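This report refers to the structure that appears directly beneath it.
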Amino acid sequence: MPRLIVAPFLDDRLVLNPGSGSGLKIPPLKYAELQHLTTHGGTVPAWLSAVVEQQWSLDLAGRTLTDVVLVRKESPYGYVRASYEINKGCDYDCPHCYLGQKKFEGITARQKLRLLEIMRDAGVVWLQITGGEPLIDRHFPLVYQRAQELGMMVAVSSNGSQLHKPAILDLLARHRPYRLTLSVYGATADTYDGFTRNRGAFDRFTRGLAAAQAIGLPVRLNIIVGEHNAHEIEDMKALADRHGFPHQVYTNMSPTIDGGAEPLPSQAEDYLRKRSPFTGCNAGHTFFHADPFAKVSICKVGRDPQIDLMTEGIEGLRRLGGIADSLQLRTGGCSGCQLSGTCWTCRPLAKLYQEAKAPRKTYCQHPDER
Ligand code: SF4
Ligand code: SF4
């Protein structure tokens with residue numbers, strides 16, 4: 001496993017320390033020097049050992065460069081971030097879940113490794129492994145470690161149900177993610193277990209949280225607020241503060257990825273937040289989303305059309321930018337809208353709300369038709 005990753009990132013060249021949130025920019029000439037040393041052999045240059053000593057207290061002086069530093073190649077594809085939904089299966093049954101049918105299925109272990117190599121060749125530096133619940137996938141340890149070996153900064157998004165288990169803690173401690181994002185569904189067993197429809201879930205979650213704190217994992221908490229648990233919002237924030245973990249609060253639920261309205265009634269009306277106007281995003285241009293079958297879309301929301309990376313290979317990614325541009329056009333239920341300049345809902349998300357026949361006030365500036 002590399003101690004450091006050196007990677008192109010858009011117009012920059014970065015030195016990254018897996019497991020740390022910080023990085024360093026280096027000039028193109030220094031990057032070229034490291035590429036040369038990777039190919040022709042040599043030790044860690046003095047300038048690099050000096051900066052990493054200062055930044056991360058890492059002593060790499062005199063070490064053979066390829067033993068400790070992985071220098072990523074430039075990619076002609078230009079993708080720097082990806083999310084990978086390793087499976088859609090989950091051990092919880094939350095009412096707000098945007099996945100709809102959460103089937104536990106996907107590609108083989110061998111295909112998963114191939115997918116990671118395609119991501120590496122596409123330029124992906126930051127990879128989010130998500131689900132469903134990723135930590136219950138039997139291939140998770142393989143995928144997680146391989147992504148790091150390939151020089152990716154790996155974040156994991158989880159419900160935390162498995163975090164109390166020694167094998168998972170050991171894996172995350174040995175190969176630290178740069179971020180571990182955990183959802184919070186309540187501050188008491190009654191509420192948390194009721195929200196997730198899983199008895200004992202709060203106990204497992206809090207044991208996992210304490211274990212993660214004890215070994216200093218870089219946890220960030222997403223506090224999910226719905227009708228069922230809104231009364232504990234302040235207690236959930238206090239839970240995060242007690243552990244010293246940063247947190248964000250989420251109140252607005254999305255329709256399912258198939259345009260189903262099922263999650264919407266679980267929203268706590270009084271807590272819904274007005275979003276800022278949508279000013280564009282790089283979905284499909286610098287990042288993409290891969291589902292459990294390695295079908296790639298511009299993001300988790302705009303899933304249609306998809307590109308099958310297992311049949312098309314990396315070349316399929318060349319079509320993604322065009323797909324992204326077409327998905328952002330204000331067509332369908334947003335055609336001709338005079339308010340699109342101040343709309344806070346991107347077109348792929350608006351399409352899902354429209355398919356779900358959601359009340360307009362939840363996503364749109366126009367009043368509902370009578
Ligand atoms: S949901 Fe919308 S804003 Fe978010 S990444 Fe997808 S297209 Fe962009
Ligand atoms: S305001 Fe409503 S109709 Fe107009 S672009 Fe936004 S979601 Fe579509």
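Values in this document were obtained by computation on a predicted structure and should not be read as measured data. For ligands, and for the atoms within them, numbers begin at 1 and follow the listed sequence.
Against a heavy-atom cut-off of under 4.0 Å, Cys281 is close to the following atoms of ligand 1: 3 (S), 5 (S), 7 (S), 8 (Fe). Close contacts of ligand 1 with Cys346, meaning ligand atoms under 4.0 Å from a residue heavy atom, involve 1 (S), 2 (Fe), 3 (S), 7 (S). Applying the 4.0 Å criterion to heavy atoms of Cys299 picks out, from ligand 1, the atoms 1 (S), 5 (S), 6 (Fe), 7 (S). Interface atoms of ligand 1 facing Phe287, defined by a heavy-atom separation under 4.0 Å, are 5 (S).
Between Phe202 and Tyr192, the angle of the ring planes lies from 30° to 60°, which puts this pair in the tilted group.
When Gly333, Cys334, Cys337 are checked for heavy-atom proximity to atom 4 (Fe) of ligand 2, Cys337 turns out nearest.
Shown are Lys300, His289, Lys295; of these, the side-chain hydrogen bond (donor to acceptor under 3.5 Å, both in side chains) with Glu85 is made only by His289.
For atom 7 (S) of ligand 1, the nearest protein heavy atom (residue, atom name, distance) is Gln328 NE2, 3.2 Å. Protein heavy atom in closest approach to atom 6 (Fe) of ligand 2: Cys343 SG, 2.3 Å.
If you look at Leu349 next to ligand 1, there are no close heavy atoms at all, none under 4.0 Å.
Contact annotation: Arg347 has no heavy atom less than 4.0 Å from any atom of ligand 1.
Panel note: side chain Glu53, backbone Ala50; no donor-acceptor pair is recorded below 3.5 Å.
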